[in-house]
Amino acid sequence: MKITPSQSYWKSNLRILMALLAVWFLASFGFGILWSDALDEIQIGGFKLGFWFAQQGSIYIFVLLIFIYIILMNRLDKKYQEEVSQDLDKK
Amino acid sequence: MSTQALTYLFVGLSFALYIGIAIWSRAKSTSDFYIAGKGVNPIANGMATAADWMSAASFISMAGLIAFMGKDGSVYLMGWTGGYVLLALLLAPYLRKFGQFTVPDFIGTRYYSKAARLVAVVCLIFVSFTYVAGQMRGVGIVFSRFLEVDINVGVIIGMAIVFFYAVLGGMKGITYTQVAQYCVLIFAYLVPAIFISILMTGNPVPQLGFGDTLVDSSTYLLDKLDQVTTELGFLAYTESSKSTIDIFCITAALMFGTAGLPHVIVRFFTVPTVQDARKSAGYALIFIALLYTTAPAVGAFARMNFIDSIQDTQYSSSPSWFKNWEGIGLIAWNDKNNDGIIHYSVGNTFEDNRPQFIDATGDHGQRLTSNTSDTSNQNEVYIDKDIMVLANPEIAKLPGWVIALVAAGGLAAALSTAAGLLLVISSSISHDLLKKTFKPNISEKQELFYARCAAAVAIVIAGLFGIFPPGFVAQVVAFAFGLAAATIFPALFLGIFSKSMNKEGAIAGMVTGLVFTSSYIIYYKFLNPAFDNASFWIGSISPEGIGFIGMLMNFFIAIIISRFYPKPPKVVSDMVTLIRQP
């Protein structure tokens with residue numbers, strides 16, 4: 001069976017979600033909690049790195065992630081609209 | 001002008017603004033009342049979401065908690081912002097596409113079941129009332145400290161304002177007042193933070209300032225703070241005392257709980273399109289991050305200033321803020337060694353740690369208490385952590401108008417969140433209980449009337465919580481997030497991402513999450529508070545973090561049970577296909 005535009009849209013959507021959530025996990029649970037003490041050995045300016053990720057860095061990364069998501073999804077939406085209209089043209 | 005006159009002026013002006021907006025944006029239909037007619041600009045919705053989200057707890061209490069918890073305070077910072085990533089990626093766009101009025105609406109329709117809708121309504125009302133109680137206490141504290149009126153009068157004024165714009169304007173009125181309230185609260189939070197950052201480190205950006213060196217010294221602020229806290233017997237400020245697994249679970253419970261909070265989710269129903277729902281989640285997090293990245297800086301500054309300004313000073317010459325807060329009972333000094341000098345260090349001041357003031361003063365003019373002194377340590381200072389943000393400008397000796405601004409900001413934070421919560425309570429009653437379950441024949445006009453009545457009743461109940469504060473507010477906050485994480489989030493997530501999830505699986509999952517999480521919290525917080533410490537917790541997970549385990553159990557049970565029952569009907573799987581398309 002041929003893959004419909006909405007099936008491929010959903011697949012790409014899931015791929016985007018997985019990649020972004022991996023970064024989300026790494027920035028907060030990874031750097032901010034699990035490996036935070038190890039990162040605290042590194043000091044940048046007045047901040048120990050693990051402490052900085054836990055109280056500052058993870059939040060900046062969260063904001064960034066949502067905006068990357070918005071850009072990727074808008075692009076995907078556009079591609080989907082084009083494919084749907086092509087499909088209709090063929091019929 | 002005196003600080004108090006300025007406070008009256010600022011608070012009065014901000015209240016006049018909220019009322020003006022309410023009159024301008026009256027609700028005319030149920031759609032206006034529930035979801036602001038789906039016509040809200042994504043940036044405005046981002047601001048409204050931020051104000052809705054940032055409550056008295058975020059504005060007043062959070063930096064104070066961090067000041068005394070140090071690195072352990074990170075759970076709030078990451079938990080209450082990271083949830084927005086989940087919300088933006090996993091829930092908001094799809095729920096907006098679904099396009100109904102309330103969260104139970106989605107659960108009821110997706111699981112083709114009135115029972116599922118009712119379970120969702122019960123969780124929602126419980127979570128929302130828990131939250132409202134905290135807001136009203138915040139309103140009371142600000143009024144009694146800064147305007148020197150009785151706490152009850154303060155709560156009644158707050159209720160009247162919320163009543164006016166929530167009952168009249170519904171979601172539309174609330175949205176536009178929240179935009180104004182966001183501006184007031186963020187300004188009020190940043191101005192003192194910037195001042196204090198300049199005073200202490202010379203760096204005008206608080207986010208950078210707390211990683212900078214102290215003025216006239218080459219020592220970093222955080223290094224100095226580590227040193228001072230260690231000397232007083234505390235754990236170093238930048239080290240954590242909780243176990244890694246507990247921190248992990250608390251952060252996760254707060255994140256998934258945030259993503260499952262109905263009053264936040266419903267904000268994404270108010271924008272015109274799916275693309276706007278994504279965009280407004282992004283803006284909301286920027287606006288929230290502005291406060292949340294400032295809060296840890298405020299916490300560190302406050303701890304430093306607090307220790308500096310009272311440690312080893314004579315009580316008689318202690319700063320006026322110390323006596324002012326003592327006056328309303330949120331600071332107490334217990335002169336253990338009778339030397340008239342304030343000593344602050346690790347340990348409890350009193351054996352049961354909450355001061356019970358008696359009507360008498362000691363040799364130095366301090367208020368006396370009927371508590372038994374805890375003689376196992378030298379600490380003489382009791383301080384309620386909630387006051388740090390409000391006291392911070394005074395501790396740093398900032399001008400009166402900054403203090404007045406903070407009072408107006410604290411009220412904006414408390415009122416905006418209270419209004420948002422009252423709205424989801426009223427809409428779940430008028431829409432989910434009446435229109436969709438018990439009285440399906442009512443007209444739109446009647447439904448709107450019931451929505452207004454429900455909002456009015458909810459405001460009165462919330463006010464009563466403020467006037468007669470239940471002693472368990474702090475404990476039940478863990479409950480609100482734990483339950484949202486263990487019941488609402490999995491039901492929404494599976495409803496969108498699993499086409500084969502049926503009503504049997506979803507209900508079994510929600511009930512498992514609900515029963516497991518509430519039993520654990522009730523056992524440790526209410527039945528056996530003496531056992532509420534790491535050595536008795538199962539797997540060293542605190543009641544604050546147990547919602548995460550409840551959520552995992554919910555997922556597990558829902559998926560297993562759903563295998564034994566028929567797949568959902570075609571209408572439902574078609575609906576899921578539809579909400580997955582842009």
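Numbers restart at 1 for each chain; the letters A, B, ... are given by sequence-line order, proteins then strands.
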Problem set entry | Part of Ala252(B) within contact of chain A (heavy atom distance under 4.5 Å) | both
For this session: May I ask you to establish whether Arg75(A) and Tyr80(A) are in a cation-pi arrangement, using a distance under 6.0 Å from NZ or CZ to the six-membered ring centre and at most 45° from the ring axis?
Result: no
Exercise. Do Leu225(B) and Tyr220(B) come within less than 4.5 Å of each other through their side chains, counting heavy atoms only?
Worked result: no
Problem set entry | Chi angles and distances behind the ring pair (Phe, Tyr, Trp, His ring centres under 6.0 Å) call for Trp24(A), Phe29(A) | CA-CA 8 Å; Trp24(A) 164 82; Phe29(A) 293 97; 5.7 Å; yes
Problem set entry | Which atoms of Asp246(B) approach chain A - backbone, side chain, both or neither, heavy atom under 4.5 Å | neither
For this session: Counting only heavy atoms closer than 4.5 Å, note whether Leu14(A) contacts chain B via side chain, backbone, both or neither.
Result: side chain
Problem set entry | Contacting region of Leu221(B) [heavy-atom separation from chain A under 4.5 Å] | neither
Exercise. Between Phe210(B) and chain A, which part of the residue has a heavy atom less than 4.5 Å away: side chain, backbone, both or neither?
Worked result: both
Exercise. If you measure from CG on Leu87(B) to CZ on Arg267(B), what distance do you get to the nearest 0.5 Å?
Worked result: 12.0 Å
Exercise. Quick one: of Thr238(B), Thr219(B), Thr244(B), who has the most non-hydrogen atom pairs under 4.5 Å with chain A?
Worked result: Thr238(B)
For this session: Under 4.5 Å, counting heavy-atom pairs only, tell me which of Gly299(B), Gly282(B), Ala295(B), Ala289(B) racks up the most with chain A.
Result: Gly282(B)
Problem set entry | Phe555(B), Tyr84(B), Phe493(B), Phe489(B) screened by ring-ring contact (aromatic ring centres under 6.0 Å, His included) with Phe256(B), the one that passes | Phe489(B)
Exercise. Which bit of Ser28(A) is near chain B, if near means a heavy-atom gap under 4.5 Å: side chain, backbone, both or neither?
Worked result: both
Problem set entry | Max heavy-atom pair count under 4.5 Å with chain A, selected residue of Leu285(B), Asp212(B), Asp223(B) | Leu285(B)
Problem set entry | Heavy-atom pairs under 4.5 Å with chain B, option from Phe62(A), Phe67(A), Trp10(A), Tyr9(A) with the top count | Trp10(A)
Seminar exercise, completed: Comparing Leu65(A), Leu21(A), Asp37(A) against chain B, the one with the most heavy-atom pairs below 4.5 Å turns out to be Leu21(A)
Problem set entry | Note, Val576(B) side chain near Ile496(B) side chain (heavy atom, < 4.5 Å) | no
Problem set entry | Contacting region of Ile66(B) [heavy-atom separation from chain A under 4.5 Å] | side chain
Problem set entry | Lys224(B), NZ atom: more than 12 neighbouring heavy atoms under 6.0 Å | no
Problem set entry | Any side-chain donor near an acceptor of the partner, Gln207(B) and Thr293(B), under 3.5 Å | yes
Seminar exercise, completed: Honestly, the part of Phe51(A) sitting under 4.5 Å from a heavy atom of chain B is both
Exercise. Pick from Met255(B), Lys71(B), Gln581(B): which one has the most heavy-atom pairs with chain A under 4.5 Å?
Worked result: Lys71(B)
Exercise. Do Ile33(A) and Met78(B) come close enough that some side-chain heavy atom pair is under 4.5 Å?
Worked result: yes
